[in-house]
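Just follow the structure's listing: the first ligand is 1, and inside any ligand the first atom is 1. The chain is numbered in sequence order, starting from 1.
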Amino acid sequence: MEPARGDLELVEVSKHFGHSIAVDNFSQHFEPGQYVCLLGPSGCGKSTTLRMIAGHETVSTGDIKLEGRSICKLQPAQRGTAMMFQSYALFPHLSVLDNVAFSLKMRGVDVPTRERKARELLELVHMNDFTNRLPDQLSGGQQQRVALARALITEPSVLLLDEPLSALDPFLRIRMRAELSRLQRELGLTFIHVTHSQDEAMALSDKIVLMNDAVIEQSGTPNEVFNTPGTEFVARFMGGHNIVKADGRAFALRTDRTRLVSVGEGVHGLVENVEFLGRSVDVSLDCNGTELVASMSDEDFYRHVINEGDSVTVQWSREDLHELSQA
Ligand code: ADP
Ligand code: MG
């Protein structure tokens, strides 16, 4: 059977820079048409992984297969992948139209064909009214749309995006996030999006691949990674969890399942900080040296206002404890 378009597999891929290991034995199947976020803290190897897929970096060992064929030895333009960079990297002296048409020009495509194609893509990203502008006459969000059109013009089967939203202000970031999601669904391409923001990864992904220190720590749907973290690192990185240790075992407990009660059994806690987050309130507690956070709705909070220095009782249900591996 022919592998489907955009079916990508990394097989035991490693990257060494001298004696340091940037990516260590990375194996992952990226299913066709999925939106995958490569998530993790700065320096964990996300960009290096993406660059190896794109062909901007060689692999030290391992193999990368796109639609069943090894692409490791191919030039970036021959791979069937396209990359959109964090800085957009638009050519400042070329118009929007020429920026988008650029790689078709490099491939020797005639002027009418490449301009028609460039206009189609500018329409797709809602930038068809800006064809004659220069990049510095555009806002950050508009530049990003142009960079997207430029990456898509070679009809890649996999689009690689390295921190594509990080240069935008928070309001625009959320709008462009929805826009990326719409584009991915419309085009049906495999998107691999690098980010260090767990919110962004949760909002966008069909699948999250969470990296830590050159290796994959956990991969799965946003729901799986958030609700069934495998390790303490995953629970802490995804946020919204307390780490509870008992009998030499460690458990993740969602902060919104950590309750403050006025009567009944529980753990004693001292309120250290109260953070108002709009729809919810996070109360940080010192429980005999263990730091716990209880998240509650603003309604619950205002029913019994809690202040710094208050003594409280903390409760949770046994079924809300999720055991973590000892790694
Ligand atoms: P991330 O994108 O997750 O922040 P990177 O993939 O950029 O991380 O980097 C992973 C590790 O590899 C880092 O320790 C970084 O310093 C190192 N690294 C990346 N590129 C190079 C390079 N060209 N030469 C040497 N070390 C590098
Ligand atoms: Mg990076």
The Mg ion (ligand 2) contact by Thr48, N, O or S atom under 2.8 Å: no
Test item: His241 and Val293 side chains (from C-beta on) under 4.5 Å apart, heavy atoms: no
Protein residues having a heavy atom less than 4.0 Å from any atom of ligand 1: Phe17, Ala22, Pro41, Ser42, Gly43, Cys44, Gly45, Lys46, Ser47, Thr48
Common cluster, Ile192/Val23, ILVMFWY with side-chain heavy-atom separation under 4.5 Å: yes
Sub-4.5 Å side-chain heavy-atom contact between Leu50 and Met83: yes
Linked, directly or transitively: Met84 and Phe102 (ILVMFWY side chains, under 4.5 Å): no
Residues that, via side-chain heavy atoms closer than 4.5 angstrom, fall in one hydrophobic cluster with Met296: Val244, Phe251, Leu253, Leu260, Val267, Val271, Val274, Phe276, Val281, Val283, Leu285, Leu292, Phe301, Tyr302, Val305, Ile306, Val312, Val314, Trp316, Leu321
Heavy-atom side-chain contact between Glu9 and Phe30 under 4.5 Å: no
